[in-house]
Undergrad: 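Shown below is the structure under consideration.
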Amino acid sequence: MPTDSWINETLYPEWGQRFMVKRELARVQSDFQDIVVFESYTHGRVLLLDGVVQITEGDEFVYQEMLTHVPLLAHGDAKRVLIIGAGDGGVLKRVLQHKNVEKAVMVEIDGEVIRLSKEFLPGIAGDAWNDPRAEVLVADGIDYVRKAADGSFDVVIVDSTDPIGVGEVLFTDEFYANVARLLTDKGVIVNQCGVPAMQADELHDTSLRRAKSFSDIFAYVAAVPTYVGGFMTLGWSAKDATLRQVDTATIRARAEAAGILGQTQYWTPEIHTGAFHLPPYIAKHLPQG
């Protein structure tokens, strides 16, 4: 194969990964970003935004399960969930696997990501788009949280690009203050905070910002093969510190009641509780580290 059949990820200027391309499926310049979907030889279909891998069919379950099941089961009785970003629909699918969820609102700014995911990555979301509990909006998440009613959601899941470009406004003081307001007393928000081995500032800086609006600031980890650099951190911001201290047996019982026990490929009750035990090289970037 000629060398031009490779796609190089552009996340870091001096280090990265590349995929041999079996077939390019779509290349679109939306109003917000450059979107590429291609078929790889190793990881199934891959979605890139502005040259950065967002999701692959081969390992999407790790990120989606940990971003969704951890906050929902830590909460224990989440009925209304707000998803910001996550245009591929994978988080929406995982949220709706929970029987007790009554409403899932998904706000994605770039309708082209949704359109291309439906067309070329249909397995990621499955039937979630058609679930009557789902409300999918092509809109600005900043505006949505600004206008949302006080205490109207139990959990907020932010699945965004890194805090540069289109994703940058999702990491501001104003955004977190509004999220704290729209969450219930036991509310929790999670967001991806990058790979600390390469992006330690991301975890440190967003933790300081989140601490202005939430009393319990932490992170938990997931190992996603195509997010190169080791553990990825998921930022945890809650009003009630006991939510991340729920024991494994209780998490297991909640997962069984929710209908997800045994339905996952990465998440387990033990991994749930273990994910909050951070290696020192990661923990030191948290405010209380």
Side-chain angles (χ1 to χ4, degrees), residues 66-86 91-92 94-95 98 100-109 135 137 139-164 166-194 201-221 232-246 254 272 275-276 278 283 285-289:
M66 292 299 282
L67 196 59
T68 303
H69 298 327
V70 172
L72 263 63
L73 293 168
H75 182 285
D77 191 29
K79 291 183 168 59
R80 296 180 59 84
V81 179
L82 173 62
I83 305 162
I84 296 183
V91 170
L92 182 65
R94 286 348 186 273
V95 168
H98 291 251
N100 52 308
V101 169
E102 296 171 359
K103 184 78 173 176
V105 179
M106 174 180 152
V107 185
E108 163 63 57
I109 198 168
E135 181 183 352
L137 306 172
D140 186 343
I142 307 304
D143 289 340
Y144 189 91
V145 302
R146 199 177 279 141
K147 295 169 184 170
D150 293 8
S152 53
F153 289 95
D154 300 305
V155 171
V156 176
I157 299 170
V158 180
D159 177 17
S160 67
T161 53
D162 290 303
I164 50 171
V166 71
E168 190 169 6
V169 287
L170 294 174
F171 295 82
T172 62
D173 292 352
E174 186 217 357
F175 175 76
Y176 289 118
N178 275 316
V179 170
R181 181 186 54 76
L182 66 81
L183 279 169
T184 50
D185 289 344
K186 277 184 65 180
V188 59
I189 172 175
V190 296
N191 63 293
Q192 73 95 349
C193 287
D201 287 351
E202 200 170 309
L203 176 61
H204 178 261
D205 295 349
T206 67
S207 295
L208 291 176
R209 285 198 201 107
R210 291 182 280 126
K212 296 176 183 176
S213 297
F214 292 90
S215 59
D216 188 48
I217 299 299
F218 212 70
Y220 61 103
V221 292
M232 158 170 253
T233 48
L234 301 167
W236 172 275
S237 311
K239 300 181 180 184
D240 181 349
T242 63
L243 292 185
R244 63 179 168 88
Q245 296 159 3
V246 180
R254 290 177 180 178
H272 176 121
F276 288 95
L278 302 177
H285 300 295
L286 289 170
Q288 61 266 53

Undergrad: Just wondering, do I83 and V95 contact through their side chains at under 4.5 Å, heavy atoms?
TA: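 Side chain of V95 against side chain of I83, heavy atoms only: contact under 4.5 Å found.
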Undergrad: Which heavy-atom pair separates E174 from I142 by the least distance, and what is that distance?
TA: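 Residues E174 and I142, closest heavy atoms: OE1-CG2, 4.4 Å.
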Undergrad: Between the side chain of R181 and the main-chain N/O of V145, is any donor-acceptor distance below 3.5 Å?
TA: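 Such a contact is found between R181 side chain and V145 backbone.
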Undergrad: Measure the shortest side-chain to side-chain distance between L286 and L278 over non-hydrogen atoms and say whether it is less than 4.5 angstrom.
TA: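 Of all side-chain heavy-atom pairs linking L278 with L286, at least one is under 4.5 Å.
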Undergrad: Rounded to the nearest 0.5 Å, what separation is found between the CG atom of L137 and the CD atom of E108?
TA: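 Here the interatomic distance stands at 11.0 Å.
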Undergrad: Is the backbone of A219 close enough, under 3.5 Å, to the side chain of R244 for a donor and an acceptor to pair up by distance?
TA: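 It does not hold such a pair.
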Undergrad: Assign the ring pair Y220 / F276 to parallel, tilted or perpendicular, where the plane angle (0 to 90°) is split at 30° and 60°.
TA: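 The rings of Y220 and F276 sit tilted, inter-plane angle from 30° to 60°.
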Undergrad: Taking all atoms of both residues into account, what is the closest heavy-atom pair of S207 and P287, and its distance?
TA: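 Here S207 and P287 meet closest at CB-CD, 3.4 Å.
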Undergrad: Is there a donor-acceptor contact under 3.5 Å linking the side chains of S237 and R210?
TA: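 Looking only at side-chain atoms, R210 and S237 do form a donor-acceptor pair, the distance falling under 3.5 Å.
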Undergrad: Might you confirm whether atom CG of D185 has over 12 heavy atoms from other residues, nucleotides or ligands at distances under 6.0 Å?
TA: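 No, not enclosed.
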Undergrad: In Å, rounded to the nearest 0.5 Å, how long is the span from CG of N100 to NE2 of H75?
TA: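 Nearest 0.5 Å value for the CG-NE2 distance: 9.5 Å.
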Undergrad: Is V179 close to L82 at the side-chain level, that is, under 4.5 Å between some pair of heavy atoms?
TA: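 No, too far: nothing below the 4.5 Å cut-off.
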Undergrad: Donor-acceptor check, side chain of K186 to backbone of G76, threshold 3.5 angstrom: yes or no?
TA: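 No, the answer is negative, given that no donor and acceptor are paired below the 3.5 Å cut-off.
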Undergrad: On a heavy-atom basis, which atom in A74 and which in V246 lie closest, and how many Å separate them?
TA: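 Scanning both residues, the minimum pair turns out to be O-CG2, 4.0 Å.
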Undergrad: Please report the shortest heavy-atom distance between A104 and L92, naming the atom on each side.
TA: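 Nearest heavy atoms, A104 then L92: CB-CD1, 3.9 Å.
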Undergrad: Run the side-chain contact (heavy atoms from CB on, under 4.5 Å) test on V101 and L72 for me, step by step, so that the C-alpha distance in whole Å, both residues' side-chain angles and the decisive distance to 0.1 Å come before the verdict.
TA: CA-CA 9 Å; V101 169; L72 263 63; 3.9 Å; yes
Undergrad: Sort out for me which residue in V81, D159, I84 forms a side chain to side chain contact (heavy atoms under 4.5 Å, CB included) with V91.
TA: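 That would be D159; it is the only one of V81, D159, I84 passing the side chain to side chain contact (heavy atoms under 4.5 Å, CB included) with V91.
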Undergrad: For the side chain to side chain contact (heavy atoms under 4.5 Å, CB included) test, which of V188, V156, I189 pairs with P71?
TA: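 The single option meeting the side chain to side chain contact (heavy atoms under 4.5 Å, CB included) with P71 is V188.
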Undergrad: Could you check whether any side-chain N or O of Y176 sits under 3.5 Å from a backbone N or O of T206, counting only pairs where one atom can act as donor and the other as acceptor?
TA: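 Not at all, since once roles are kept as given, no pair shorter than 3.5 Å links the two residues.
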Undergrad: Do you know which two heavy atoms are closest between R254 and L73, and how far apart they sit?
TA: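 Scanning both residues, the minimum pair turns out to be NH1-O, 2.7 Å.
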Undergrad: To the nearest 0.5 Å, tell me how far S213 OG sits from D173 CG.
TA: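 Answer for the OG-CG pair, S213 versus D173, is 7.0 Å.
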Undergrad: Parallel, tilted or perpendicular, judged at 30° and 60°: which one describes the rings of H98 and H69?
TA: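 Ring orientation, 0 to 90° scale: tilted.
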Undergrad: Can a salt bridge be assigned to the pair D154 and R80 using a cut-off of 4.0 Å between side-chain N and carboxylate O?
TA: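 Salt bridge between D154 and R80, a charged N being under 4.0 Å from a carboxylate O: no.
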Undergrad: Could you grab the distance from atom CD1 of I157 to atom CD of Q192, nearest 0.5 Å is fine?
TA: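 One gets 13.5 Å once the value is rounded to the nearest 0.5 Å.
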Undergrad: What closest approach, in Å, do V221 and M66 show between heavy atoms, and which atom pair accounts for it?
TA: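 V221 and M66 have their closest heavy atoms at O-CE, 3.7 Å.
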Undergrad: With side chains defined as the heavy atoms from C-beta onward, is the minimum distance between E202 and H285 less than 4.5 Å?
TA: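 Result no, sub-4.5 Å side-chain heavy-atom pair not found.
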